[in-house]
Amino acid sequence: MRHVDILISGGGMVGLPLGLALAQGGFKTLVVDAAPPATVLEPAFDGRVSALAYASVRMLRALGVWDGLAPHAQPIREILVTDGQTGKPASPFSLHFDAQEVGADSLGHIAENRHIRAALYGVLDACANLELKAPAAVASVTTQAGGALVRLADGEEISAALVIAADGRESALRSQMGMQIVGWSYPQTGIVATVEHEKPHNGVAYEHFLPSGPFAILPMTGNRSSLVWTEAKAKAPGLLALDEQGFNAELARRFGSHLGATKAAGPRWSYPLSFHLARDFVRPRFALAGDCAHGIHPIAGQGLNLGLKDAAALAEVLLDAARLGRDIGALDTLKRYERWRRFDSFALAASTDALNRLFSNDIAPLRHIRDLGLGIVDAIGPARRFFMRHAGGDVGKLPRLMKGEAA
Ligand SMILES: Cc1cc2nc3c(=O)[nH]c(=O)nc-3n(C[C@H](O)[C@H](O)[C@H](O)COP(=O)(O)OP(=O)(O)OC[C@H]3O[C@@H](n4cnc5c(N)ncnc54)[C@H](O)[C@@H]3O)c2cc1C
C-alpha cells in the first residue's frame, strides 16, 4: 500500500490550489478527482466565470498559476450597483466603486472557470511532490489514531496522515464522516450565459438588483460579458426554453442599452442556489475545505474566494505544524484551521444571505430603505472603501499566500 502525507478528495478550483500549496511546501500530496481532466476543460463543462478578488489573485500568483491565467483574465476597474424593476429605469440611488479610489489598478479579475482550471493543470507537472489521479473517486475513508486509510472506487488503498475533503457541495465524504450541515435552498435559479455587446465594457461590472434577484453583468475579455441572472425558480425553466429571439428580448429588458446591441452567445446554463455551512470543519485526521464546508449565494461572487482562503489558511496551519514537528493530522492542529476559517465563512455566508433577502423582492418600504442605504454608502468615502476592501478579500486575518508570500 502506498503512503502519502496528505490526500485531497476533489481536484476542483479549491482542491488543486490547496494541493499545490501543500506540495510546494514539501508535503507528498495526492489529489483524487472523479472527473476526467479533458472533460472539465471543455467549454461545455462549465459556463461560469469567477470574480477573483485581488487577494485570490495574489495567492494564484504566489503559487505560480497566475502567468497562465492572466491573458484570459479581465481586470475589474469599476463596479456599479443599482436597484430597479424589470423593464424600468434603475433607481436614482446607486453605489459606485472605482479601483483608482483605493490606489489600485483593479478591484479583482473575471476569468472563465475553464481557464482557471487549465492554468492550474498547467503547473502540476512542475510540482514534484504533487500527483493528480483522475478520473478516480474516493469511495471511503477510515480514520485511526495513527493515520487514515482511503479506499478508491477502483480498489486502490492509500494511507495518509491527513485526508482533506474538497469534493464540493454534495460531498459524500462529509456525510460518511457524520459531519452535519445547516442549510436551505433558495427559491431561485442562477441562469448563466455569455453576452456579446456592441460597445466595450471598459472593465465595469454591474450588479442590478431586480425583484427576482440580482442580475450581474461581469466583464470578460473582448466585447463580452458573463451574466449571472438570478431568477425565481418557477420562472427559470420558461426563460431557459425560449428561442434565441425571445431570450435576447428578455435579456435586453434587464440589461439596458448602455453597451449597445446585445445578444447571448453560446449555451445557457442553470444552477440551483442553496446555502449551507458545516457545523464542524475538522475531525481527527480529516478536514473540509471549499464548497464542501460552505455553500453561499453567488450574489457577491465570493464562493470560490472563500474556498481559496480556506486552502491558503489550511496550508499555512499544516506547514507551521510540520515546521514545529507537530502531527499534521492531530485534532489540536486542525482546530487552529477551524477557528480561523469557520467564523469568517459564517460571517460571509450570513451577509450574502441577508443581502439576497433584502434585495430580492418588490416590497416598497424595503425598496426605499435599500435605495437609501446604497445612496448613503455611496456618499461616504470610508464606507465605500470598506466595501471595496471586502470585495477584494483584503479583510480579516489574511493567510501568507493571500499576501503574495510563500505558504
Ligand atoms: C452561478 C454561480 C456563480 C458563481 N460565481 C462565483 C464568482 O464570481 N466568484 C466566486 O468566488 N465564486 C463563485 N461561485 C462559487 C464557486 O463556483 C464555487 O464556490 C467553487 O466552484 C467551489 O469549488 P470547490 O472546488 O470547492 O468545489 P467544486 O467546484 O464542486 O469541485 C469539487 C470537485 O470534487 C470532485 N469530486 C466530487 N466527489 C468526488 C469523489 N468522491 N472523489 C473524488 N473527487 C470527487 C468533483 O469532480 C469536482 O472536481 C459561483 C457559483 C455559482 C453557482
Side-chain angles (χ1 to χ4, degrees), residues 10-18 40 45-57 59-60 69 73 76 79 107-117 120 164-171 174 181-186 188-192 205 207 213-216 218 226-230 269-278 281 288-314 341-357 359-360 387 390-396 399 402:
M13 292 188 292
V14 171
L16 276 184
L18 173 58
V40 303
F45 180 75
D46 182 351
R48 288 174 300 175
V49 299
S50 291
L52 293 166
Y54 47 73
S56 300
V57 171
M59 173 176 173
L60 294 175
L69 183 56
I76 308 169
I79 302 175
L107 293 166
H109 283 74
I110 303 286
E112 286 158 78
N113 286 359
R114 68 191 174 101
H115 287 309
I116 299 176
R117 291 194 179 97
L120 287 164
I164 302 169
D167 50 355
R169 285 176 176 246
E170 306 301 329
S171 171
R174 186 185 62 213
I181 56 166
V182 280
W184 50 82
S185 300
Y186 291 108
Q188 295 168 317
T189 299
I191 299 175
V192 171
E207 180 88 299
F215 185 86
L218 307 173
S226 174
L227 283 188
V228 184
W229 171 354
T230 310
W269 282 269
S270 71
Y271 298 87
L273 303 181
S274 61
F275 170 103
H276 74 263
L277 183 70
F281 279 19
L288 310 179
D291 271 19
C292 175
H294 39 68
I296 64 172
H297 195 286
I299 189 165
Q302 289 295 339
L304 175 59
N305 292 303
L306 204 55
L308 288 173
K309 206 165 176 183
D310 293 345
L314 184 52
R341 294 301 307 138
R342 197 173 178 283
F343 180 72
D344 187 37
S345 305
F346 166 74
L348 191 72
S351 47
T352 51
D353 183 73
L355 209 58
N356 184 50
R357 285 173 202 275
F359 278 93
S360 301
F387 281 103
H390 259 275
D394 236 352
V395 284
M402 290 205 147

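Numbering starts at 1 and runs along the sequence shown.
Distance check, rounded to the nearest 0.5 Å: CE of M59 to CG of N305 gives 10.5 Å. Atoms NE2 and OG, from H109 and S50 in turn, are 13.5 Å apart once rounded to the nearest 0.5 Å. For the atom pair OG1 (T352) and CZ (F275), the distance works out to 7.0 Å, reported to the nearest 0.5 Å. Rounded to the nearest 0.5 Å, atoms CZ (F281) and CD1 (I164) are 13.5 Å apart. Rounded to the nearest 0.5 angstrom, L227 CG and F215 CZ are separated by 4.5 Å. Here the CD atom belonging to E207 is positioned 8.0 Å from the CG atom belonging to L355, to the nearest 0.5 angstrom.
Two residues are said to be in side-chain contact when any heavy atoms from C-beta on lie closer than 4.5 Å; D353 and I296 fail this criterion. Contact of the L273 side chain with the N356 side chain is not registered, since no non-hydrogen atoms from C-beta on lie closer than 4.5 Å. Contact annotation: the side chain of C292 never approaches that of R169 to less than 4.5 Å [non-hydrogen atoms, C-beta and beyond].
Remark: the backbone N or O of R357 is not paired with any side-chain donor or acceptor of S360 at under 3.5 angstrom.
When all heavy atoms are compared, the tightest approach of A311 to L18 is O-CD1, 3.5 Å. L120 approaches L16 most closely through the heavy-atom pair CB-CD1, 4.0 Å. Across all non-hydrogen atoms, the minimal contact from S56 to M402 is OG-CE, 3.8 Å. In plain terms, the two heavy atoms of V14 and G307 that are nearest each other are CG1-O, 3.6 Å. In this structure, M13 and L308 approach most closely via the heavy-atom pair O-CD2, 3.6 Å.
In terms of the ring-ring contact (aromatic ring centres under 6.0 Å, His included) criterion, residue partners of H115 (sequence neighbours excluded) are, by chain and number, H72. In this view, S171 and D167 satisfy the side-chain hydrogen bond (donor to acceptor under 3.5 Å, both in side chains) rule, not counting sequence neighbours. For R341, the salt bridge (Lys or Arg N to Asp or Glu O under 4.0 Å) partners at least two apart in sequence or on another chain are D310, D344. Among residues two or more places apart in sequence or in another chain, the salt bridge (Lys or Arg N to Asp or Glu O under 4.0 Å) test is passed with D46 by R48, R117. Partners of R342 by salt bridge (Lys or Arg N to Asp or Glu O under 4.0 Å), not counting sequence neighbours: none found. For H294, the ring-ring contact (aromatic ring centres under 6.0 Å, His included) test picks out no residue, with sequence neighbours left out.
When each of V228, V192, T230 is tested with Y271 by the rule side chain to side chain contact (heavy atoms under 4.5 Å, CB included), just one qualifies, namely V192.
For CZ of F45, the number of neighbouring non-hydrogen atoms (other residues, nucleotides, ligands) closer than 6.0 Å is greater than 12.
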